[in-house]
Asker: 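Got a structure here, written out as structure tokens. Questions coming.
Atoms within a ligand are numbered from 1 in the order they appear, just like the ligands themselves.
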Amino acid sequence: MKILALNGSLRARSSNGAVLRSALALTDAASTVADLAALPHFNPDLDGVDDAPPAPVAALRRAVAEADAVLVVSPEYAHGVPGVLKNALDWLVSSAEFLDKPTAVLTASPSPTGAAYAHEQLRETLRMMSADVLPDACRNLTAIGPKTDPATATVTDPATLQELRTAMAALRDARSA
Ligand SMILES: Cc1cc2nc3c(=O)[nH]c(=O)nc-3n(C[C@H](O)[C@H](O)[C@H](O)COP(=O)(O)O)c2cc1C
């Protein structure tokens, strides 16, 4: 099984990066993390049917197409989806690689309510794109700070690790169903 991961945070010490790393470590899947920073701003003028898309866009589309499942992790900025992640999703709307793709959404924030707004927005956008968003593979992780170890950039809280284990099992089961 191949999982492609998209992280809405570009921060080197991203807590969502820790969530991503720990979630993937709980699977035996091969995994790749997409380079969202390389993407140009979405512009429909660059996305014509007869034109080759910009190279980073072509690479992202290929990576989604070749993945058996997609793991989306993200913080929220100003109660919304970070621009870098929304930009990536916008490039994937018309090309349809997400169609029926088993997809997990994990959001994390230091806030006691987590990244609840971005979580719902991401699930709605992905559903609109006809991704197979798996409810059992979606988690909004609250108060994430002390649940991670900055030295290893991984999740250390046992209850959170169990949530990640459950989510990744749902992703694997959808793939083998
Ligand atoms: C511009 C900006 C806006 C933010 N807005 C929110 C917000 O609306 N809700 C929230 O829970 N946290 C918000 N935060 C705090 C982030 O959740 C926090 O920085 C988190 O660690 C970012 O995720 P990361 O560690 O994966 O980079 C914001 C942070 C920044 C820099």
Asker: Short N/O distance, under 3.5 Å, between S109 and ligand 1?
Answerer: yes
Asker: So which bit of S15 gets within less than 4.0 Å of ligand 1, heavy atoms only: side chain, backbone, both or neither?
Answerer: both
Asker: Write out the residue and atom name of the closest protein heavy atom to atom 26 (O) of ligand 1, then the distance separating them to 0.1 Å.
Answerer: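 Result: S14 OG, 2.6 Å.
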Asker: In the protein, which heavy atom is nearest to atom 13 (C) of ligand 1, and how far is it?
Answerer: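 The protein heavy atom lying closest is E76 O, 3.3 Å.
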Asker: Can you spot which of V133, L6, L89 makes a side-chain contact (heavy atoms from CB on, under 4.5 Å) with L122?
Answerer: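 Going through V133, L6, L89 one by one, the side-chain contact (heavy atoms from CB on, under 4.5 Å) with L122 is satisfied by L89 alone.
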Asker: Return the residue, atom name and 0.1 Å-rounded distance of the protein heavy atom closest to atom 16 (C) of ligand 1.
Answerer: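 The answer is P110 CD, 4.1 Å.
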Asker: Can you find a heavy atom in the side chain of Y77 that is under 4.5 Å from one in the side chain of S9?
Answerer: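 Heavy-atom side-chain distance check passes, below 4.5 Å.
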Asker: What part of H79, side chain from CB on, backbone N/CA/C/O, both or neither, has a heavy atom under 4.0 Å from ligand 1?
Answerer: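 It is both backbone and side chain that touch ligand 1.
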Asker: Does Q162 reach the side chain of R165, with side-chain heavy atoms less than 4.5 Å apart?
Answerer: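 With C-beta onward as the side chain, the pair touches.
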Asker: Quick one: are D132 and F98 in side-chain contact, heavy atoms under 4.5 Å?
Answerer: no
Asker: Side-chain polar contacts of residues 40-48 - donor-acceptor pairs under 3.5 angstrom, sequence neighbours left out - could you list them?
Answerer:
{"from": "N43", "atom 1": "OD1", "to": "D45", "atom 2": "N", "distance (Å)": "2.8"}
{"from": "D47", "atom 1": "OD1", "to": "R61", "atom 2": "NH1", "distance (Å)": "3.4"}
{"from": "D47", "atom 1": "OD1", "to": "R61", "atom 2": "NH2", "distance (Å)": "2.9"}
{"from": "D47", "atom 1": "OD2", "to": "R61", "atom 2": "NH2", "distance (Å)": "3.4"}
{"from": "D47", "atom 1": "OD2", "to": "S94", "atom 2": "OG", "distance (Å)": "3.0"}

Asker: Please write down residue, atom name and distance for the protein heavy atom closest to atom 31 (C) of ligand 1.
Answerer: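 I find the closest protein heavy atom is Y77 CE2, 4.1 Å.
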Asker: For ligand 1, find out whether one of its N or O atoms is nearer than 3.5 Å to an N or O atom of R13.
Answerer: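 R13 vs ligand 1: no N/O contact under 3.5 Å.
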Asker: Which of the atoms of ligand 1 are close to N16, meaning less than 4.0 Å from one of its heavy atoms?
Answerer: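 Answer for ligand 1: 23 (O), 24 (P), 26 (O).
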Asker: Please tell me whether N16 and S74 have a donor and an acceptor in their side chains that are separated by less than 3.5 angstrom.
Answerer: no
Asker: Please tell me if the side chains of L164 and V19 come closer than 4.5 Å, counting only heavy atoms from C-beta onward.
Answerer: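 L164 reaches V19 side chain to side chain.
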Asker: V64 versus K101: any side-chain heavy-atom pair under 4.5 Å?
Answerer: yes
Asker: Starting from atom 22 (C) of ligand 1, locate the nearest protein heavy atom and write down its residue, its atom name and how far away it is, to 0.1 Å.
Answerer: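 Protein heavy atom with the smallest distance to atom 22 (C) of ligand 1: P75 CB, 3.6 Å.
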Asker: Side-chain contact test, heavy atoms from C-beta onward, threshold under 4.5 Å: evaluate it for L126 versus V72 and give yes or no.
Answerer: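 Yes, their side chains come closer than 4.5 Å.
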Asker: Enumerate the atoms of ligand 1 whose separation from the nearest heavy atom of G114 is less than 4.0 angstrom.
Answerer: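 Every atom of ligand 1 under 4.0 Å from some heavy atom of G114: 11 (O).
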Asker: With a cut-off of 4.0 Å, which atoms of ligand 1 are near a heavy atom of R11?
Answerer: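 In order of numbering, the contacting atoms are 21 (O), 24 (P), 25 (O), 27 (O).
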Asker: Looking at side-chain heavy atoms only, is the closest gap between C138 and R123 below 4.5 Å?
Answerer: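 In contact.
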Asker: Would you check whether A118 reaches within less than 4.0 Å of ligand 1, judged by its heavy atoms?
Answerer: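 For ligand 1, residue contact (heavy atoms, under 4.0 Å) with A118 is absent.
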Asker: Select one of side chain, backbone, both or neither to describe which atoms of S111 lie under 4.0 Å from any atom of ligand 1, heavy atoms only.
Answerer: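 The answer is the side chain.
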Asker: Polar contacts were defined as any N/O atom of the residue lying under 3.5 Å from an N/O atom of the ligand; does this apply to A78 and ligand 1?
Answerer: yes
